[in-house]
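Below: the structure, in C-alpha cells.
One-based numbering, in listed order, for ligands and for the atoms of each. The residues of the chain are indexed from 1 along the displayed sequence. Computed from a prediction, not measured in an experiment: that's the story for all the values here.
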Amino acid sequence: MKLREHEAMKIFGEHGIPVPKGFLIHSPAELGPRMGELGDRFVLKAQVEVGGRGKSGGILVANPSNGARLAEELFKKEIKGVPIREVLAVEYLDIQKEYYASIAIDRSTKQALILFTDQGGVDIEILAKENPDAVRKASLPLLMRDIPPFMLRDLLGSSPKEIGSILNQLFRVFCAKDALLAEINPLVATPHGIFAADAKLIIDDNALSRQGITLNRDLTEREREAEKHGFSYVELNGDIGVIGNGAGLTMATLDLIEYYDGKAANFLDVGGGADQERVMHAVKLVAADPSVKVIVVNLLGGITRCDEVARGIISAGVVQPIIVRLAGTNEAEGRQILDGSGYRMMESMEQAVKAAVEAVQ
Ligand code: GDP
Ligand code: MN
C-alpha cells in the first residue's frame, strides 16, 4: 500500500531524515490560524496518490498574504481526476540542488537496490534511459544494518557526505517498514542543509498487519470484498470476467483469452472445495465490476462438486451471460442443473473461452 506523502514524511522524520516543518490541513480554514508556523514563504502540497503532482498543479508556493486564497483554490482542484481532501503545508525550501534517492526490492538478487543521482528533480525513468551513467546503483542484503562505507562512496561520488547518513536512515526505514519502495525525489540541498522535499513509501501488502495497518486503501471495494471471502481477485482492463479454481487453471484461462484476442476484466480464484455459497459470492463479485460483459467460469471438480458450482452460478442471478466449463466430480449433475436453467456449458475450456470472446465482440 502506498502511503501518502505526509505519512511517509512523518516516518522519514522519525528516522532522522531531515524533512521540512509543516502540518496537514483538511480544509482551507485550518490554514489561517497556523500560518504563522510556516514563515514568510511556504508550500501547499495536495495529498493525492498520483504521480507528477507538481506538473499537474498540485503544488503551490504561497506566502501569508495569498496563502488563504491559494488553499481555497487547491482544495477545489482535482489532480488527474482525484479530488483533494488533504493538503500538506510545509515551509518553503530554498533549493540549491536536487538529488534523487530510492531503495527498492531487486527481485532478481533478492536484495535492496539503492539508486542515487545528483541529477534529481527530473523523471528518474527518463534520466535512466538518456543518461544511465548518472544513476548510481548498489545492491545490499536486507540483513545488513548499514550501507557499507565503500558502497556509500561509490553511490555518492562527490555529493555531500551528509547524504550518506540520509541514505542509511532511508535504508533503516525501508527495512523497518517492510517497504517495497522508499523514495526521496527530490532530496534537496538548501543553505540550511539537506532535506527530503518529497517522500514516498510503499509498504508490502503482505506486511500490512505487522505494520499495524488494518485497511489497505489501495484496494477497490470489490478487491476488499474478495479479500474478506479469501478469494484471490485481481482487476484488469478488459471486458471478460474470469472465475477459476487454482492459480494454474485461472492463469491458463487468462492465457487462452489472450490467445483468442480477448481481454479479461478481472479474474477470481475461488480456491479449493468451493461450495454453492462461495461460488455465488464469486459470481456476484466478478459481475459487480461494471466493465464485465460476459463471465467465463472454468472450474475443475475435485473436492469441489460440479452440482454445487452449478447451483452457485444460478443462485447468483447476475445479468451478464455466463459461459461455463465444468469437469470432474458430479459433472453430469452439474450439466443437468445448468441446462435446465439456460446456461451454456461447454465441453472444453478452449470452447468456453472462444465463446466468451465471441460474445463480447
Ligand atoms: P511530485 O510532483 O508529486 O513528485 O511532488 P514533489 O514534492 O516532488 O514536488 C515537485 C517539485 O516541486 C519538486 O521537484 C521541486 O522542484 C518543487 N518543490 C516542492 N517543494 C518545494 C520547496 O519547498 N521549494 C522549492 N523551491 N521547490 C519545491
Ligand atoms: Mn517528487
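With distances taken over non-hydrogen atoms, the option nearest atom 19 (C) of ligand 1 out of N185, I59, V50 is I59. In this structure, of I95, D94, V61, the residue bringing a heavy atom nearest to atom 28 (C) of ligand 1 is I95.
For atom 17 (C) of ligand 1, the nearest protein heavy atom lies 4.0 Å away or farther.
We find that D106 and K137 are not joined by a salt bridge, their nearest charged nitrogen and carboxylate oxygen being 4.0 Å or further apart. Ion pair E14/K10 flagged as a salt bridge, since at least one NZ, NE, NH1 or NH2 atom sits closer than 4.0 Å to an Asp/Glu carboxylate oxygen. For E7 and K2, the salt-bridge test fails: no basic side-chain N is under 4.0 Å from an acidic carboxylate O. By the 4.0 Å N-to-carboxylate-O rule, R172 lies close enough to D146 to be salt-bridged with it.
Distance from atom 7 (O) of ligand 1 to its nearest protein heavy atom, with residue and atom name: K45 NZ, 2.7 Å. Nearest to atom 3 (O) of ligand 1 among the protein's heavy atoms is R53 NE, 2.8 Å. Nearest protein neighbour of atom 15 (C) of ligand 1, counting heavy atoms only, is E98 OE2, 3.3 Å. The protein heavy atom nearest to atom 4 (O) of ligand 1 is D198 OD2, 3.1 Å. Considering only non-hydrogen protein atoms, atom 2 (O) of ligand 1 sits nearest to G54 N, 2.8 Å. Looking at atom 26 (N) of ligand 1, its nearest protein heavy atom turns out to be Y92 OH, 3.0 Å.
Of all the heavy atoms of L93, the ones lying under 4.0 Å from any atom of ligand 1 are found in both the backbone and the side chain. With a heavy-atom cut-off of 4.0 Å, K55 does not touch ligand 1 at all.
Atoms of ligand 1 found under 4.0 Å from any heavy atom of A197, numbered from 1 in the order shown, are 7 (O). Shown in contact with G52 at under 4.0 Å from a heavy atom are these atoms of ligand 1, numbered in order with element: 2 (O). Ligand-side atoms of ligand 1 in range of P186: 8 (O), 13 (C), 14 (O), range being under 4.0 angstrom from any heavy atom. Atoms of ligand 1 found under 4.0 Å from any heavy atom of V43, numbered from 1 in the order shown, are 22 (C), 23 (O).
Annotation: side chain of I166 is in contact with side chain of I184 (closest heavy-atom distance under 4.5 Å). The side-chain heavy atoms of K263 and I257, taken from C-beta on, include no pair separated by under 4.5 Å. The side-chain heavy atoms of D204 and L180, taken from C-beta on, include a pair separated by under 4.5 Å. When side chains are defined from C-beta on, V324 counts as touching I322, because their heavy atoms get closer than 4.5 Å. Looking only at side-chain heavy atoms (C-beta outward), L38 and L31 come within less than 4.5 Å of each other.
Residue contact check for ligand 1: K200 places no non-hydrogen atom closer than 4.0 Å to it.
A donor-acceptor contact shorter than 3.5 Å links the side chain of N168 to the backbone of I147.
Remark: the E350 side chain and the Y260 side chain contain no N/O donor-acceptor pair separated by less than 3.5 Å.
When the Mn ion (ligand 2) is compared with the N/O/S atoms of D198, atom OD2 turns out nearest.
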